[in-house]
Number of protein chains: 2
Amino acid sequence: MIELSKAEFEVLDALWLNYPATASQIIERLSDDKQWHEKTIKTLLGRLVKKGALSFEKDGRQYIYTPCMERAEYTLKESQNFIERFFSGRIAPLVSGFAKSEQLSQQDINELKKVIDDWEKQQK
Amino acid sequence: MIELSKAEFEVLDALWLNYPATASQIIERLSDDKQWHEKTIKTLLGRLVKKGALSFEKDGRQYIYTPCMERAEYTLKESQNFIERFFSGRIAPLVSGFAKSEQLSQQDINELKKVIDDWEKQQK
DNA sequence: AAAGTTTGATTACAGGTGTAATCTTAAGTT
DNA sequence: AACTTAAGATTACACCTGTAATCAAACTTT
């Protein structure tokens, strides 16, 4: 699995919002939440390319970046990894931990029920 | 939140198995899964103490270590953090991702149902 | 054409991390 | 008491990360 740092992920996440995109578009998107210097973001883009998380095409002197994977694919792998490390690969203990500490809202419960429902339909 | 590295967490996790414990006991426990040098584990114990994740008492020339927090407490915080970063704080999308990629077993589903059930009872 | 601007490339640098080796010193052994 | 261990403390060192500044080249503007 490609290992991304926190900051690298946030840059990639800004690209996932809408791609392909240029560095300046990504910088623009990040400017709302982050106070990162433009240079910092460029560095992170370079590292993402080096790690194989992004590819780019040249357009004049600009690069037009595209993620090499989908967000869902990446977050799924990260989730598996996380759950493996902290909960021996089982997902229920994670949810259970949230429940016990009153971190679950009725909306969360409804959404979870729907996920279960859909899963069961899928199994026919 | 105390930030622990992967390796640090694994050492702490070995301590959580049964504590208080000495360095050599922890090293013994880790020897099954890891091929870490004894010195490496000692280094990690030192870093854990420095970060405030462990405390110790002296017993002759040995230290007897105790975690400064419970495993459930730590994993809950890590989970919140994880879910915040990747799923904007909502838990269902994580579970949904697993479901869509067929990572959920009937057992997982049953466990999740039980968590939901317990939660609902709790709300009376 | 010269000068300025903008883009990516290269360099910087401190603190964290994995992975130990070496040093000190107190405790155990003879 | 002298000698040997073994435990923790200190030091090492390369790679990763956050966070840019500087450099070089291409494009724009005058």
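Every chain is numbered from 1, with letters handed out A, B, ... down the list of sequences.
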Table of protein N/O atoms under 3.5 Å from nucleotides 23-28 of chain C N/O atoms:
none

Find the distance [X]:[atom1] to [N]:[atom2] and express it as a whole number of Å.
X	N	atom1	atom2	result
B:Gln62	D:dA9	CD	C1'	16 Å
B:Ile41	D:dA9	CD1	C1'	17 Å
B:Lys42	C:dT22	NZ	P	16 Å
B:Leu45	C:dT19	CG	P	15 Å
A:Phe56	C:dG8	CZ	P	9 Å
B:Glu38	D:dA9	CD	C1'	13 Å
B:Lys50	C:dT17	NZ	C1'	13 Å
A:Asp59	D:dA26	CG	P	16 Å

Does [X] reach the main-chain N or O of [Y] with its side chain, forming a donor-acceptor pair under 3.5 Å?
X	Y	result
B:Lys51	B:Glu3	yes
B:Gln122	B:Trp119	no
A:Asp118	A:Val115	no

For side-chain hydrogen bond (donor to acceptor under 3.5 Å, both in side chains), just list the numbers for B:Glu84 and B:Gln80, CA-CA rounded to whole Å, side-chain angles, deciding distance to a tenth of an Å, and then say yes or no.
-> CA-CA 6 Å; B:Glu84 185 60 41; B:Gln80 286 174 209; over 6 Å; no
Letter per nucleotide, 5' to 3', of nucleotides 12-19 of chain D [B base touched, S only sugar-phosphate touched, - untouched; heavy atoms, 4.0 Å] | B----BBB
To the nearest 0.5 Å, tell me how far A:Thr40 OG1 sits from A:Leu45 CG.
->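 Going from the OG1 atom of A:Thr40 to the CG atom of A:Leu45 covers 11.0 Å.
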Among B:Val49, B:Thr66, B:Ile64, the one residue meeting side chain to side chain contact (heavy atoms under 4.5 Å, CB included) with B:Phe56 = B:Val49
Can you find a heavy atom in the side chain of B:Leu4 that is under 4.5 Å from one in the side chain of B:Tyr74?
->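 Sidechains of B:Tyr74 and B:Leu4: in contact.
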Can you list, by residue number, the residues of residues 16-30 of chain A that have a non-hydrogen atom closer than 4.0 angstrom to DNA chain C?
-> A:Ala23
Does a salt bridge link A:Lys77 with A:Glu73, judged by any charged N lying under 4.0 Å from a carboxylate O?
->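 Counted as a salt bridge, because a side-chain N and a carboxylate O are separated by less than 4.0 Å.
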Check ion pair B:Lys42-B:Glu38 (N to O, under 4.0 angstrom) |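 Between B:Glu38 and B:Lys42 there is a salt bridge, with a charged N closer than 4.0 Å to a carboxylate O.
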Return yes if a side-chain donor-acceptor contact under 3.5 Å exists between B:Gln106 and B:Asn110, otherwise no.
->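 Yes - a donor-acceptor pair under 3.5 Å links their side chains.
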Ring centre gap for B:Phe86 and A:Phe9 strictly below 6.0 Å | yes
